[in-house]
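All remarks here apply to the structure that follows.
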Amino acid sequence: MDYIILGNGIAGIQGALNIRRYDREGDITIITDEEYGFYSRPMITDIMTGKRRPEEIILMGEEGYRAFGFKFMKGLSIKRIDLEKRCLYSSQDRIKFHRLLIATGARPKRIKKHRDGVYYLRSIKDALDIKRQLKNTKKAIVYGGGPVGIKAAYALLSWGMPVSIMVTSPQIMSRVFDKKTASVFQRLFEENGAKFYLGSSIEDLVWQKGLKGVVTDRGDYIDGGILIVGKGVVSHTEIAEDAGISVNEGIIVNDMMETSEDGIYAAGDVAETNTGPGNKGRVFALWHTGAEQGKVAGANMAGEKKIYNGSVSSNSVEYFGMKAISMGTMEGEGLKEEIYEDKDGYRRFMFRDELLVGAILVGNIQGAGILLNAIKKGTPRSIWKRDFLSSHWPCLSIHPNITMEVLF
Amino acid sequence: MKEIHFIKDRCIRCGACSVACAAEHNKNHHLYDSLINIPFAPKQKTVFQVEQGEALPHPLRCRNCEEPACMEACISGAMNKEHRVFSNWKRCIGCFMCVMNCPYGAILPFFGKAVKCDQCLFTEKPACVRACPVNALVFVDSHDLSLVRKQKRWRNRKDMDAPLLRARY
Ligand SMILES: Cc1cc2nc3c(=O)[nH]c(=O)nc-3n(C[C@H](O)[C@H](O)[C@H](O)COP(=O)(O)OP(=O)(O)OC[C@H]3O[C@@H](n4cnc5c(N)ncnc54)[C@H](O)[C@@H]3O)c2cc1C
Ligand code: SF4
Ligand code: SF4
């Protein structure tokens with residue numbers, strides 16, 4: 001059996017590892033258009049500031065691929081998939097496959113006014129480009145208050161560069177955190193040298209032999225020699241779409257991560273799932289959901305039967321020593337909220353009827369995983385004790401053999 | 001593989017397990033060094049790690065999962081599995097994706113690192129198990145324990161024959 005993994009991100013690697021788990025013989029080929037082995041995409045902000053070298057964030061080097069018997073083809077861009085002949089085409093090569101995992105990830109959304117000095121952050125290459133530009137820059141501008149934008153801003157601030165952050169919505173990380181949490185973080189960032197322009201978008205770029213600054217639609221002028229854009233991502237679906245695979249926002253997959261075509265699977269930032277409560281047409285662009293999906297896809301490709309139960313979108317951040325985690329749904333009709341607050345943390349929970357559907361933990365994040373699991377599984381409210389929800393909860397131990405009731 | 005199991009009914013909240021853990025994870029394995037920093041919490045089945053006078057409490061009940069969610073979620077490759085799941089502090093960047101994903105809450109975020117039970121790697125029995133005066137903590141195979149559990153014998157502290165029931169009073 002010839003397996004091809006298209007994409008060398010977390011989804012692709014987890015796919016390959018899980019194929020190997022069940023199929024010791026099959027040929028597994030991993031294809032990427034990048035020049036590096038499997039690396040940690042979220043850590044590229046450290047490359048940008050030079051805190052780490054590219055080698056240091058590589059999670060699987062050449063010898064790792066060899067150890068698992070993967071054939072690794074880097075620097076190879078796939079242009080077309082032929083479903084009839086079951087072939088992949090690059091500009092020169094033709095690669096045959098029996099089963100294919102499309103894990104091509106996503107690319108940053110572009111802004112309309114593109115000039116030199118405008119950068120996006122998605123790969124090591126992008127990060128190195130930014131690093132080069134940062135050398136002759138005194139001030140940076142970050143456009144976008146999502147997790148990626150804020151992470152980039154944080155990296156720059158802790159490196160010592162003043163940053164102006166432009167956010168279209170009236171708060172930062174509006175998709176992830178509530179107002180209160182966002183303002184806590186905003187204050188921390190401001191104390192550390194960031195300047196926020198909330199509710200602003202780009203009106204024009206001021207460009208004179210290099211980027212000089214940005215004019216916002218509110219009429220503010222922001223000074224800065226580099227603009228880093230983090231306005232979300234779009235899935236890399238083009239080649240799948242051209243091949244005739246059903247595509248909406250991402251490649252549509254069923255609960256075995258199989259696409260509309262037989263033997264072709266998709267996972268990660270590129271896949272659109274319909275599994276799990278409230279996950280209609282949902283594209284997750286997260287590391288751990290990519291891992292979950294890749295794992296299921298890999299097992300199914302190797303002939304196992306593994307069902308994907310849907311993911312819960314969740315984010316974990318730590319900036320200036322302040323930890324926060326958000327998970328699940330925080331807004332919507334018929335949700336009841338419960339807030340617990342004390343000296344070492346703030347916890348906000350959302351319940352729909354008797355089910356926990358969302359949570360935000362700030363400060364004390366202990367046991368967040370239990371809550372995430374409870375949201376996934378739909379554990380009824382009655383088993384949660386007050387102590388459990390507030391930060392002082394007495395027992396962290398739940399054994400799969402012992403039912404939860406025994407311990408609570 | 002042997003695991004640490006906690007039998008809730010037996011626990012008398014003495015906190016000996018925490019103290020033992022603190023001592024074990026101390027440079028010279030002596031309680032005195034660690035006493036300064038032990039945050040006693042009643043019935044919190046945590047173990048504590050102490051280094052250079054800083055207490056790093058962590059709960060002991062990592063399941064060393066077959067497919068560890070913490071490891072899959074780790075973005076830096078610090079969380080790893082070799083028989084037991086451990087986090088390599090040299091690589092850990094403190095993003096706490098693992099804390100968010102461990103379904104048992106077995107990882108604690110402290111001092112910017114993921115801290116979890118190491119089952120006292122180089123000893124025969126973990127320190128907490130050795131310290132527990134009522135055998136509320138046991139270090140056995142999950143399979144053996146479930147047999148005893150089925151027979152409900154562990155409920156009876158006086159049942160001397162139950163393999164896990166050599167309580168000292
Ligand atoms: C700066 C930054 C910070 C982040 N922080 C977090 C975080 O804290 N937590 C979190 O959960 N997520 C975070 N993410 C998101 C996370 O990195 C992604 O969700 C994850 O990497 C997606 O993995 P993937 O395998 O689906 O796709 P990708 O990692 O994007 O991999 C896609 C692969 O496909 C290859 N490819 C694409 N098209 C082709 C083609 N035509 N031919 C050949 N190869 C191709 C690419 O080269 C690439 O190797 C962050 C992302 C960024 C950019
Ligand atoms: S830390 Fe949690 S997820 Fe990781 S192996 Fe232990 S119990 Fe499993
Ligand atoms: S906190 Fe450390 S061990 Fe946990 S996911 Fe992050 S890098 Fe990995």
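Each chain gets a letter, A, B and so on, in the order its sequence line appears, and its residues count up from 1.
For the set A/Lys323, A/Arg41, A/Met327, A/Gln14, the count of heavy-atom pairs under 4.5 angstrom toward chain B peaks at A/Lys323. Across A/Asn315, A/Thr289, A/Leu286, A/Ile57, the residue that shares the most heavy-atom pairs under 4.5 angstrom with chain B is A/Asn315. Of the listed residues (A/Ser314, A/Pro42, A/Ala291, A/Gly321), the greatest number of heavy-atom pairs within a distance under 4.5 Å of chain B belongs to A/Ser314.
Both the backbone and the side chain of A/Ile365 come within less than 4.5 Å of a heavy atom in chain B. For B/Cys74, the part lying near chain A is the backbone, with the side chain staying farther off; criterion is any non-hydrogen pair under 4.5 Å. For A/Leu17, no part sits under 4.5 Å from any heavy atom of chain B, backbone or side chain.
Annotation: B/Lys81, atom NZ; neighbour count of heavy atoms from other residues, nucleotides and ligands within 6.0 Å is above 12.
Checked for salt-bridge contact, A/Glu292 and A/Lys376 meet the test: a charged N lies under 4.0 Å from a carboxylate O. With respect to A/Glu304 and A/Lys306, no salt bridge is recorded, no charged nitrogen being found less than 4.0 Å from a carboxylate O.
Ring-centre distance between A/Phe38 and A/Tyr65: not below the 6.0 Å cut-off.
Note: A/Tyr39 and A/Tyr36 have perpendicular aromatic rings, judged against thresholds of 30 and 60 degrees for the angle between ring planes.
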